[in-house]
Enquirer: 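Take this structure, written in structure tokens, and hold onto it; I'll ask about it next.
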Amino acid sequence: MAGNTSTPGTTVTSRLLNILGAFDERHNSLTLSELARRAGLPIATTHRLAAELVAGSALQRRADGQYVVGRLVWNAGLLAPVEGQLRQVAEPFLYDVYAATLATVHLAVRDGDEVLYLERMMGRTSVPIVSAVGSRLPMHCTGVGKVLLAHAPEDVKDRVFATLTRITPYTIVSPTVLSSQMQRIHREGVATTSEEMSLGACSLAVPVIRQTDDAVVAAIAVVVPTLKRDRQRLLGALQVAARGIGRLL
């Protein structure tokens, strides 16, 4: 038997996964009704299972009644083999980039058709941005995303190109223009954006290439108000860090 549920064949495990999967970067806190709707479960079932997840620290229930991801899930995510090792290796190099540039620094990988942010370093005077550690954003309008898209399999490119969404007035939504950019990024190893994801924010990104097999496993970037000055200094800091990370992976 699948357990006491109104949906035949649905197991308790799948319902718990539905609840945890209801959270993303745009829905990082949910009311009980929102959680039930996004999980596709009755409110009573959601309430019971959410209480169990709270007791086990997989979810946290805030004072206002909203649910957020708990420390158990966060800690488990940090142990993922690729992401965990990558963050550990990359962190000192990212600090070097931040110290040299005082710009917001990103480390990201491709997760399906999106870019997943593994690390972000920024100061109080950094450019306002929408990214956060653990968030997923479109690849076509972020610096790290463009790098990863340029090196992605063709089926990923096809899906992304078929669903280009305008985020700001400067987001590139022309497949022809984006395709030309992908070719240049693949050839030169550098990607840029100019207010394509966030107004007032430009990014410069490079790939992290694992030396053992020449695979692009991640991308790192800096986010600044403008790329009209200090571009070479920013690029130099990124390239040194990317080579160091790739050498140690």
Side-chain angles (χ1 to χ4, degrees), residues 21-30 34 37-38 40 69 101 103-122 125-208 216-231 234-235 238 242:
F23 296 90
D24 59 28
E25 69 277 4
R26 290 177 292 274
H27 304 87
N28 51 23
S29 64
L30 298 168
E34 290 170 340
R37 177 177 55 81
R38 288 181 56 79
V69 171
T101 65
T104 296
V105 184
H106 283 146
L107 168 71
V109 296
R110 182 175 65 85
D111 185 16
D113 298 344
E114 297 177 303
V115 58
L116 170 63
Y117 287 81
L118 300 183
E119 189 62 87
R120 183 187 72 174
M121 295 180 183
M122 60 186 300
T125 60
S126 298
V127 177
I129 53 176
V130 298
S131 64
V133 175
S135 66
R136 291 171 173 80
L137 293 176
M139 285 197 286
H140 70 286
C141 53
T142 57
V144 285
K146 286 186 177 183
V147 167
L148 297 168
L149 183 59
H151 294 274
E154 290 302 318
D155 61 319
V156 174
K157 292 180 182 176
D158 291 342
R159 290 194 298 270
V160 171
F161 275 56
T163 58
L164 297 177
T165 304
R166 188 178 299 280
I167 308 298
T168 76
Y170 305 102
T171 305
I172 296 173
V173 293
S174 165
T176 302
V177 174
L178 190 61
S179 178
S180 177
Q181 280 196 359
M182 293 300 102
Q183 295 173 24
R184 177 181 55 78
I185 292 168
H186 197 281
R187 181 176 64 252
E188 299 178 1
V190 182
T192 62
T193 65
S194 181
E195 300 188 284
E196 297 169 41
M197 185 71 220
S198 300
L199 294 177
C202 302
S203 63
L204 184 68
V206 300
V208 174
V216 173
V217 296
I220 60 175
V222 291
V223 183
V224 292
T226 178
L227 292 173
K228 293 181 180 179
R229 59 178 181 271
D230 294 334
R231 178 187 171 112
L234 296 170
L235 180 59
L238 284 173

Enquirer: Taking the side chain as everything from C-beta on, heavy atoms only, tell me whether Thr165 gets closer than 4.5 Å to Ile167.
Expert: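 Heavy-atom side-chain distance check passes, below 4.5 Å.
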Enquirer: If we only count heavy atoms from C-beta on, is the Asn28 to Val69 side-chain gap below 4.5 Å?
Expert: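 No - every pair of side-chain heavy atoms lies 4.5 Å or more apart.
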Enquirer: Identify the two heavy atoms, one from Cys202 and one from Leu227, that lie closest to each other, and give their separation to 0.1 Å.
Expert: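 Smallest heavy-atom distance, with atoms named: CB-CG, 3.9 Å.
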Enquirer: Is any side-chain heavy atom of Val190 closer than 4.5 Å to a side-chain heavy atom of Arg231?
Expert: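 Yes. Closest side-chain heavy atoms under 4.5 Å.
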Enquirer: Does the Thr142 side chain pair with the main chain of Pro138, one donor and one acceptor, at a distance under 3.5 Å?
Expert: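 Present.
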Enquirer: Do the side chains of Arg120 and Thr104 get nearer than 4.5 Å, heavy atoms only?
Expert: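 Yes, at least one pair of side-chain atoms sits under 4.5 Å.
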Enquirer: Kindly indicate whether the side chain of Leu149, heavy atoms from C-beta on, has any atom under 4.5 Å from the side chain of Lys157.
Expert: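 Leu149 reaches Lys157 side chain to side chain.
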Enquirer: Scan Val109, Leu137, Val208, Val115 and name whichever one has a side-chain contact (heavy atoms from CB on, under 4.5 Å) with Val144.
Expert: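 Result for side-chain contact (heavy atoms from CB on, under 4.5 Å) with Val144: Val115.
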Enquirer: So which atom in Ala221 and which in Ala205 form the shortest heavy-atom distance, rounded to 0.1 Å?
Expert: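 Closest pair (atom of Ala221, atom of Ala205, distance): CB-CB, 3.6 Å.
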Enquirer: Is any side-chain heavy atom of Ser174 closer than 4.5 Å to a side-chain heavy atom of Leu164?
Expert: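 Contact flag for Ser174/Leu164 side chains = no.
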Enquirer: Can you pull out every salt bridge (charged side-chain N to carboxylate O under 4.0 Å, His left out) where at least one residue sits in residues 175-186? Sequence neighbours excluded, please.
Expert: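 Non-adjacent pairs meeting salt bridge (charged side-chain N to carboxylate O under 4.0 Å, His left out): Arg184-Glu188.
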Enquirer: Say you draw a straight line from CZ of Arg166 to SG of Cys141; how long is it, rounded to the nearest 0.5 Å?
Expert: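 One finds 11.0 Å between CZ of Arg166 and SG of Cys141.
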Enquirer: How long is the gap from CE on Met197 to OG1 on Thr168, to the nearest 0.5 Å?
Expert: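 The OG1 atom of Thr168 is 8.5 Å from CE of Met197, to the nearest 0.5 Å.
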Enquirer: Between Glu195 and Tyr170, what is the shortest heavy-atom contact and its length?
Expert: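 Minimum heavy-atom contact is O-CB, 3.6 Å.
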Enquirer: With sequence neighbours excluded, tell me which residues meet salt bridge (charged side-chain N to carboxylate O under 4.0 Å, His left out) with Arg38.
Expert: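 Salt bridge (charged side-chain N to carboxylate O under 4.0 Å, His left out) check on Arg38 returns Asp24.
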Enquirer: Mind checking the NE2-OG1 spacing from His140 to Thr171? Nearest 0.5 Å is all I need.
Expert: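 Going from the NE2 atom of His140 to the OG1 atom of Thr171 covers 5.5 Å.
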Enquirer: For residues Gln181 and Thr192, determine if any side-chain heavy atom of one lies less than 4.5 Å from a side-chain heavy atom of the other.
Expert: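 No; the side chains remain at least 4.5 Å from each other.
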Enquirer: Under the salt bridge (charged side-chain N to carboxylate O under 4.0 Å, His left out) test, which residues partner Asp158, sequence neighbours left out?
Expert: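 Partners of Asp158 by the salt bridge (charged side-chain N to carboxylate O under 4.0 Å, His left out) criterion come out as none, since no residue qualifies.
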Enquirer: Would you give the length of the straight line joining atom CG of Leu204 to atom NE2 of His106, rounded to the nearest 0.5 angstrom?
Expert: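 Result: 13.0 Å between the selected atoms.
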Enquirer: Calculate, to the nearest 0.5 Å, the distance between atoms OG and CG belonging to Ser194 and Leu199 respectively.
Expert: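 The OG atom of Ser194 sits 10.0 Å away from the CG atom of Leu199.
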Enquirer: Taking the side chain from Ser180 and the backbone from Val177, do they hold a donor-acceptor pair closer than 3.5 Å?
Expert: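 The answer is no, because no donor-acceptor pair under 3.5 Å joins these two groups.
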Enquirer: State, to 0.1 Å, how close Ala218 and Leu148 come at their nearest heavy-atom pair, and which atoms those are.
Expert: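 Ala218 and Leu148 have their closest heavy atoms at C-CD2, 3.8 Å.
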Enquirer: Heavy atoms only: give me the nearest Glu114-Met139 pair and the separation to one decimal.
Expert: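 Looking at all heavy atoms of both residues, the shortest contact is C-CG, 3.7 Å.
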Enquirer: Taking side chain as C-beta onward, heavy atoms only, is Ile172 less than 4.5 Å from Lys146?
Expert: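 SC-SC contact between Ile172 and Lys146 confirmed.
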Enquirer: State, to 0.1 Å, how close Arg110 and Val156 come at their nearest heavy-atom pair, and which atoms those are.
Expert: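 Distance-wise, the nearest heavy atoms are NH1-CG2, 3.4 Å.
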Enquirer: How far does CG of Leu235 sit from CG of Asp230, to the nearest 0.5 angstrom?
Expert: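 One gets 12.0 Å once the value is rounded to the nearest 0.5 Å.
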